[in-house]
Amino acid sequence: SWEHPNMPWDAAELWVGEFAGDGTIAKAMRVAGGEDESIYQPEWSPDGTLYFVSDRTGWWNIYRLRGGVVEAVCAMEAEFARPQWVFGRPTYAFESAHSIIATYTKDGAWRLARIDVESGRVEEIPTPYTAIASVVVGDGEAVFTGGSPGEPDSIVLLDLRTLKHKVLRRATKAKIDPGYISRPEAISFPTEGALTAHALYYPPANKDYEAPEGEAPPLIVRSHGGPTAAAGGSLNLSYQYFTSRGFAIVDVNYGGSTGYGREYRNRLRGTWGIVDVDDCCNAARYLV
């Protein structure tokens, strides 16, 4: 739950209780959350343990309530959640009571991993995707949506025994020669207040042409919708249109974007039209 003026990524609380005979909730107890903590996706594990995502350390990580104590499953400087403008987009699911299949974002890209809930060990599952969402697990398989700069968003089935995947359906049937696809590089650059901001840089890419030595490409600076979205990692045909014609693009994850921790996400508070504009200008200056 959360209360206005907060949004769920600002401050939220996690409560548990018991159903009384008349359908009301009895013995309600707040487990986690508060004014400086955001809660995401509470789930009961197969053995009845309550798991959830919290940013109490500044990063959205997975926690559980065990023996009346909240404990971290694995502490990472990475995000296992996204802002809840839309609900029902799980970032993790239980393979068993001892194993979680989760997706998390770091350095502007989403990854898939298997987490041992006892040791906290995180085993990355290799995939060709940099935009992964809506993970569901059952019967030794996982299904998720996955995309990359060279692949459109797709529904993907993963065999959790062999770790082999197959595409069930692509968002588009269009096929593009990889020689015309620009693949972005995650960059970090200095910005106002002696801080660091982040972006995805798409260089020009066209297998038929090469710029004269020493000639820099024209640059298009992109500012994603806000305040808490992030530059995506899926195939963007409008970006590829320009990069295949000699333009470079920088897709700026200005202060306020998600994927870089709570402090970064809060940079836009009271500074809309200032921090985001400064970061876009400084991304261009950095690339120059």
Side-chain angles (χ1 to χ4, degrees), residues 1-45 48-94 100 102-105 110 133-136 193 195 197 223-232 253-276 279:
S1 64
W2 61 95
E3 295 186 61
H4 292 299
N6 292 321
M7 297 297 275
W9 55 86
D10 296 321
E13 296 178 344
L14 175 61
W15 290 73
V16 296
E18 298 178 5
F19 283 111
D22 62 358
T24 60
I25 299 295
K27 298 182 181 179
M29 177 183 71
R30 184 168 66 89
V31 171
E35 278 302 310
D36 297 311
E37 184 178 359
S38 170
I39 305 297
Y40 185 95
Q41 196 192 337
E43 296 275 0
W44 300 106
S45 76
T49 302
L50 179 60
Y51 284 72
F52 58 95
V53 175
S54 164
D55 67 351
R56 57 178 55 194
T57 63
W59 297 89
W60 267 320
N61 282 185
I62 300 176
Y63 291 80
R64 66 176 162 233
L65 178 67
R66 187 160 66 170
V69 177
V70 172
E71 56 187 22
V73 174
C74 58
M76 297 173 58
E77 289 191 354
E79 302 268 64
F80 287 81
R82 58 183 78 236
Q84 292 189 88
W85 290 99
V86 177
F87 301 125
R89 301 189 72 194
T91 56
Y92 70 94
F94 292 97
I100 290 174
T103 183
Y104 67 92
T105 182
W110 285 85
S134 302
V135 180
V136 181
L195 297 173
S223 174
H224 65 70
T228 53
N253 274 323
Y254 52 80
S257 304
T258 44
Y260 303 93
R262 182 181 183 89
E263 183 179 351
Y264 196 83
R265 193 167 74 242
N266 287 343
R267 281 190 193 175
L268 266 190
R269 286 188 173 181
T271 57
W272 284 31
I274 300 172
V275 165
D276 41 356
D279 288 353

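Keep in mind the model is a prediction, meaning the values are calculated, not measured.
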A.B. asks: Indicate yes or no: at least one non-hydrogen side-chain atom of Val31 is less than 4.5 angstrom from one of Trp15.
C.D. replies: no

A.B. asks: Would you indicate whether the side-chain heavy atoms of Pro42 and Tyr51 approach each other to under 4.5 Å?
C.D. replies: no

A.B. asks: Which heavy atom in Arg89 sits nearest to a heavy atom in Ala133, and how many Å separate them?
C.D. replies: NH2-CB, 3.5 Å

A.B. asks: Would you mind listing every side chain to side chain donor-acceptor pair (under 3.5 Å) that reaches into residues 77-87, with sequence neighbours excluded?
C.D. replies: Trp85-Thr228

A.B. asks: Below 4.5 Å, heavy atoms only, C-beta onward: do Ile25 and Phe19 meet side chain to side chain?
C.D. replies: yes

A.B. asks: A quick test of your reading: do over 12 heavy atoms of other residues, nucleotides or ligands sit less than 6.0 Å from CD of Glu35?
C.D. replies: no

A.B. asks: Does the side chain of Tyr92 come within less than 4.5 Å of Glu43's, by heavy atoms?
C.D. replies: yes

A.B. asks: Going by an N to O cut-off under 4.0 Å, is there a salt bridge joining Arg267 and Asp276?
C.D. replies: no

A.B. asks: Do Tyr264 and Leu195 touch side chain to side chain, with heavy atoms closer than 4.5 Å?
C.D. replies: no

A.B. asks: Can you find a heavy atom in the side chain of Asn61 that is under 4.5 Å from one in the side chain of Val53?
C.D. replies: no

A.B. asks: Between Phe87 and Trp2, what is the ring plane arrangement, given parallel below 30°, perpendicular above 60°, and tilted in between?
C.D. replies: tilted

A.B. asks: Please determine if Arg262 forms a cation-pi arrangement with Trp9, meaning its NZ or CZ atom is less than 6.0 Å from the six-membered ring centre and no more than 45° off the ring axis.
C.D. replies: no

A.B. asks: Can a donor-acceptor pair be found, under 3.5 Å and without considering hydrogens, that links the side chain of Arg30 to the backbone of Gly33?
C.D. replies: yes

A.B. asks: Salt bridge check: are Arg56 and Asp36 linked by an N-O gap of less than 4.0 Å?
C.D. replies: no

